[in-house]
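Working notes, structure below.
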Amino acid sequence: MRHRSLAAAASASAPPPQMPPSFHFHWRHHAARRLSSTTACLHPPPLQPPRASASASASLLLQLQDHIASGHLSRAHHLFDQIPSPDVRTYNDLIRAYSSSSPTAAADGLHLYRRMLRHRVAPNNYTFPFALKACSALADHHCGRAIHRHAIHAGLQADLFVSTALLDMYVKCACLPDAAHIFATMPARDLVAWNAMLAGYAHHGMYHHAVAHLLSMQMQMHRLRPNASTLVALLPLLAQQGALAQGTSVHAYRIRACLHSNRNSKSKLTDGVLLGTALLDMYAKCGSLLYARRVFDAMPARNEVTWSALIGGFVLCSRMTQAFLLFKAMLAQGLCFLSPTSIASALRACASLDHLRMGEQLHALLAKSGVHADLTAGNSLLSMYAKAGLIDQAIALFDEMAVKDTVSYSALVSGYVQNGRAEEAFLVFKKMQACNVEPDAATMVSLIPACSHLAALQHGRCSHGSVIIRGLASETSICNALIDMYAKCGRIDLSRQVFNMMPSRDIVSWNTMIAGYGIHGLGKEATALFLEMNNLGFPPDGVTFICLLSACSHSGLVIEGKHWFHVMRHGYGLTPRMEHYICMVDLLSRGGFLDEAYEFIQSMPLRADVRVWVALLGACRVYKNIDLGKKVSRMIQELGPEGTGNFVLLSNIYSAAGRFDEAAEVRIIQKVQGFKKSPGCSWIEINGSLHAFVGGDQSHPQSPEIYRELDNILVGIKKLGYQPDTSFVLQDLEEEEKEKALICHSEKLAIAYGILSLSEDKTIFVTKNLRVCGDCHTVIKHISLLKRRAIIVRDANRFHHFKNGQCSCGDFW
């Protein structure tokens, strides 16, 4: 009678899973043997008293135990097959060994459980926990539910060991409601059950559920106290939440409960290492490196996870030098502490510190130690080479990797984009899809900027569609990348749509949108968005004001820019960085206030670097202020030009003034110092394909038609009053030759091709790698009037929207 009531109670407490059509297993890690359904599996046999195998010799059983103890499971299984009628204890021993080994072995354990049922050996209260542990290893909740029904049939669901194993299985299979139901209906709970449920909440990031469970645990457990396993389960969740105060309380409890004492036994020593590692990891992830290091130094024993946690904490807090020194200290303790995680952190530190030589030495160390085949280590190496710009080495390593995952492909895509090879990034992404590797948010955040670099709107829209299909469109980082991409592809309206639809925004979202308005010359819109940001309680940072000041500069809002620079310092207490001063000099220079800009530089508390003077030098070129240009050029030469652009600006000033000898001298110095001028290049996207042009280019298949169209355009715009501005031809040529040189500039070729290829209602969108020259700017205004076409040109500085003979920049760029 009691047996029936227990079975009824167990049946009543069971969750209501649907009975699958057969008792089957889902192997997730390796191809395992498929099991056909049998009546015995669906309907467990009636309970029989356990039968000992009379014919099995004692020596066979002893050998079986020896093989299990030494981990030789295949030999153990071979001996098991020789026993004519194994009893339940023999089955349990081998199932337990399988369930405690690898996922493949766990699959074999479940196969053995099926064989046990087929041979009508009744499972007992030890069998079910071992079989359920195998389901947990495989994360196979279908199989787990079937075994749950078998336990109910056997009347053993209420057994403490069985119910705890069921709870653990549902937790590890991410079936939290079922796990909570099992826990709530357990007639008795021990500390293991409480810890299993807490670990489930913590593992799945359910902070409030975990805290409520812990409080309930403390109120209901009169004779049991939280142990090391309780704290090890809880601390990672506190680290994830950044709950430093709660983590410190846990640390205090550990000391009061003497859980830091490791003197008594090997198990306590292991618990001490696990708990100490969890504590220092919590402190590190909460940014409290001082306490993390104190916990580490106080630990009498450490393992490779302990070292990895502390090194990773320093890397997470951008303390790269200290992280690397700690890694070297770890190596001095012996290679036994070397792990893929610690190597990944060290390689990240190398990449951040530009310590490529040390990274290469780590690569060699990995190869010698055999860790190089690990996927985590390989991905870290790949990322280091890509970030260092060593794309060829990154590709070679990528090709050598036997196994590649999403992180591998993402690292290579990111490396290509960061090194200006956006087209190759798309090819890697296509290969990734062809290999059925699913991209994640990090992949798309790396890929979308490739569309920005190429100004490839159609590719950008395809990428946007891809993130929507994959359910990633609500990710803040994805939305930020889309805002930037649409802005740089000329569709600031779509940028604002993405911004408006974001479920949540961070400071990067606001800054990216303000910057987008700025490069399009929409300073008033940028200012309005900044005010909206303030009203909603988002505090601006230094980058926000760089974006805002740049927007004012591109829009000619000199007074407003001065106001916001004052507000930044005195209203928000932000100390201006060099970038802020560059924006202010650019603002004043573009507005024609060259003397004021020069005085502003002289009054700066920081010593002006080359970039500040270059901002003023560019204005000297535009406003033909040769005298000031000489002063500025002398300052640049004293500081040392940082790139080709500075030489080009100085040479252009002399050329525009007709001082060709001095311009030639500047170009000679440029050549001697090893700086090469990038040729002007423009490109246009037509039906998803990019067409690139350089000045005087005749390589395009439709070059004859393009030049005929340019000739017709030239005739038409001259009737509208266009006069070539030959001052933008910087060679000492005859006037007629200068006019011919002007008409062949790359942006004009790209626009002519756009007129030939796109219908009249389509906007022509051209990207140029350099600043648009003044003559081209005038020509494009006339083309927009002559052809009644909307034309957008993105140059190195900003966007120009041409329509009806006007440009959005107001001739201020």
Side-chain angles (χ1 to χ4, degrees), residues 455 457 486-497 516-528 551-558 590-592 622 682-686 691 693 705-725 728 739 742-768 770-813:
L457 180 60
Y486 279 125
K488 290 178 178 174
C489 288
R491 293 300 305 271
I492 191 67
D493 56 324
L494 296 180
S495 291
R496 187 59 193 254
Q497 282 185 26
Y517 278 133
I519 60 175
H520 283 270
L522 301 171
K524 292 182 179 178
E525 287 81 353
T527 302
C552 292
S553 176
H554 285 303
S555 306
L557 303 176
V558 178
R590 287 173 185 271
V622 172
S682 300
W683 59 94
I684 183 171
E685 184 183 28
I686 305 292
H691 299 260
F693 301 87
E705 294 93 327
I706 292 171
Y707 279 95
R708 277 198 298 271
E709 181 65 26
L710 270 179
D711 289 338
N712 293 334
I713 287 171
L714 188 59
V715 171
I717 62 176
K718 281 187 174 180
K719 291 179 181 178
L720 294 176
Y722 162 71
Q723 291 294 326
D725 188 348
F728 289 96
E739 289 188 24
L742 282 175
I743 199 63
C744 296
H745 280 191
S746 62
E747 55 266 54
K748 293 170 183 169
L749 295 173
I751 290 171
Y753 182 63
I755 291 171
L756 291 172
S757 305
L758 297 172
S759 59
E760 292 184 2
D761 61 323
K762 298 284 186 182
T763 298
I764 298 171
F765 178 49
V766 171
T767 305
K768 185 173 182 180
L770 304 176
R771 182 179 178 275
V772 173
C773 80
D775 181 75
C776 286
H777 193 267
T778 303
V779 167
I780 299 169
K781 286 198 295 183
H782 281 89
I783 292 175
S784 70
L785 183 62
L786 176 70
K787 296 292 185 178
R788 301 185 183 279
R789 300 293 295 261
I791 303 172
I792 299 175
V793 176
R794 168 185 158 188
D795 69 6
N797 289 341
R798 59 165 299 148
F799 278 80
H800 302 265
H801 295 256
F802 297 93
K803 193 172 184 180
N804 298 325
Q806 300 295 322
C807 179
S808 60
C809 73
D811 299 334
F812 184 89
W813 84 105

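Remember, predicted model here, so these are calculated numbers, not experimental data. Start at 1 with the first residue, then count along the sequence.
Nearest heavy-atom pair across Gly521 and Ser555 is O-OG, 3.0 Å. The heavy-atom pair separating Arg798 from Ser808 by the smallest distance is NH2-OG, 4.0 Å. Nearest heavy atom pair, residue Asp795 against residue Leu770, reads CB-O, 3.2 Å. Contact between Gly721 and His782 at its shortest, heavy atoms only, is C-NE2, 4.4 Å. Contact record, Ser682 with Val766: CB-CG1, 4.0 Å, taken as the closest heavy-atom pair. Taking both residues in full, the closest heavy atoms of Gly516 and Ala487 are given as CA-CB, 4.0 Å, listed atom of the first, atom of the second, then distance.
When atom types are taken as modelled, the side chain of Ser784 and the backbone of Ala790 share no donor-acceptor pair closer than 3.5 angstrom. Between the side chain of Asn797 and the backbone N or O of Arg771, no donor-acceptor pair lies under 3.5 Å. His800 places no side-chain N or O within donor-acceptor distance of the main-chain N or O of Cys809, the cut-off being under 3.5 Å. Formation of a donor-acceptor pair under 3.5 Å by the Arg794 side chain with backbone atoms of His520 is not found in this model.
Residues Cys773 and Lys768 are not in side-chain contact: their nearest non-hydrogen atoms beyond the backbone lie 4.5 Å or more apart. Between Ile755 and Ile713, some side-chain heavy-atom pair lies under the 4.5 Å cut-off. When side chains are defined from C-beta on, Tyr486 does not count as touching Asp493, because their heavy atoms never get closer than 4.5 Å. Considering only heavy atoms from C-beta on, Phe765 stays 4.5 Å or farther from Leu457 through its side chain.
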Could you please spell out the steps behind the side-chain contact (heavy atoms from CB on, under 4.5 Å) verdict for Lys748 and Leu714? CA-CA 11 Å; Lys748 293 170 183 169; Leu714 188 59; over 6 Å; no

Before giving the answer on side-chain contact (heavy atoms from CB on, under 4.5 Å), spell out for Ile764 and Ile783 the whole-Å C-alpha distance, their side-chain angles and the decisive distance to 0.1 Å. CA-CA 11 Å; Ile764 298 171; Ile783 292 175; over 6 Å; no

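One finds the OG1 atom of Thr527 at 10.5 Å from the CG atom of Leu522 (value rounded to the nearest 0.5 Å). If you take CG on Asn712 and CD1 on Ile717, they are separated by 11.5 Å, rounding to the nearest 0.5 Å. One finds the OG1 atom of Thr767 at 11.5 Å from the NZ atom of Lys488 (value rounded to the nearest 0.5 Å). Remark: His777 NE2 to Glu747 CD distance equals 11.0 Å, nearest 0.5 Å. The distance from the CZ atom of Arg788 to the CG atom of Leu785 is 7.0 Å, given to the nearest 0.5 Å. Atom CD1 of Ile519 is separated from atom CZ of Phe799 by 4.5 Å, given to the nearest 0.5 angstrom.
Tyr517 pairs with exactly one of Glu525, Arg496, His554 by the side-chain hydrogen bond (donor to acceptor under 3.5 Å, both in side chains) rule, that one being Arg496. Of the residues Ile791, Ile792, Leu758, the one that meets the side-chain contact (heavy atoms from CB on, under 4.5 Å) test with Thr763 is Ile792.
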